[in-house]
*Asks:* 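Handing you this structure, nothing more for now.
Start at 1 and go down the list; that is how both ligands and their atoms are numbered. We count residues from 1, following the sequence as given. Predicted, not measured: the structure shown is a model, and the values here were computed from it.
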Amino acid sequence: MHEPIDPARLARLRTDLGRKGMDINQKLTDILAGKNVTLATLKMPHEQKPGEKPEEKLRRFLNQISRAQRRLGTPAWGLCVTCQAPLPDAVLDDTPWTEECNTCGRL
Ligand SMILES: [Zn+2]
């Protein structure tokens, strides 16, 4: 089982998620304004939906970040949403919006 989350780490994760949300929002605004935006550096979830437009992809990512913000600080934080296996701290520190373990994410 995971230890209760360290308050400093919790604060950092909250900040990271907030920043990421703002970053995505900005890119979404730029895309809708017709600007050229690169999505390659975003560490987007690897899930691909055929035919999905960049703005749809960004909205999906924003929703995922919101869900992570709601989970943060609750017992659901850090667990795979599908099988409840604990996600590695290194993964959560790098991409705190991760929802599924490697096994479930590949299905
Ligand atoms: Zn899983």
*Asks:* Evaluate the side-chain proximity of Pro54 to Val37: yes if any heavy-atom separation is below 4.5 Å, no if none is.
*Replies:*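 When only atoms from C-beta onward are counted, Pro54 and Val37 do not touch, as no gap falls below 4.5 Å.
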
*Asks:* Under 4.5 Å between any side-chain heavy atoms of Ile65 and Gln69, yes or no?
*Replies:*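 Side chain of Ile65 against side chain of Gln69, heavy atoms only: contact under 4.5 Å found.
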
*Asks:* Main chain of Val81, side chain of Glu99: is a donor-acceptor contact present, judged purely on distance under 3.5 Å?
*Replies:*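 The answer is no, because no donor-acceptor pair under 3.5 Å joins these two groups.
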
*Asks:* Does the side chain of Asn36 reach to within under 4.5 Å of the side chain of Asp30, using non-hydrogen atoms?
*Replies:*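 A side-chain contact under 4.5 Å is absent here.
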
*Asks:* Considering only heavy atoms from C-beta outward, does the side chain of Met22 approach that of Gln26 to under 4.5 Å?
*Replies:*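 Sidechains of Gln26 and Met22: no contact.
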
*Asks:* Evaluate the side-chain proximity of Arg67 to Trp97: yes if any heavy-atom separation is below 4.5 Å, no if none is.
*Replies:*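 Heavy-atom side-chain distance check fails, nothing below 4.5 Å.
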
*Asks:* So what's near the Zn ion (ligand 1), protein N, O or S atoms under 2.8 Å?
*Replies:*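 Near the Zn ion (ligand 1), the protein supplies Cys80 SG, Cys83 SG, Cys101 SG, Cys104 SG.
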
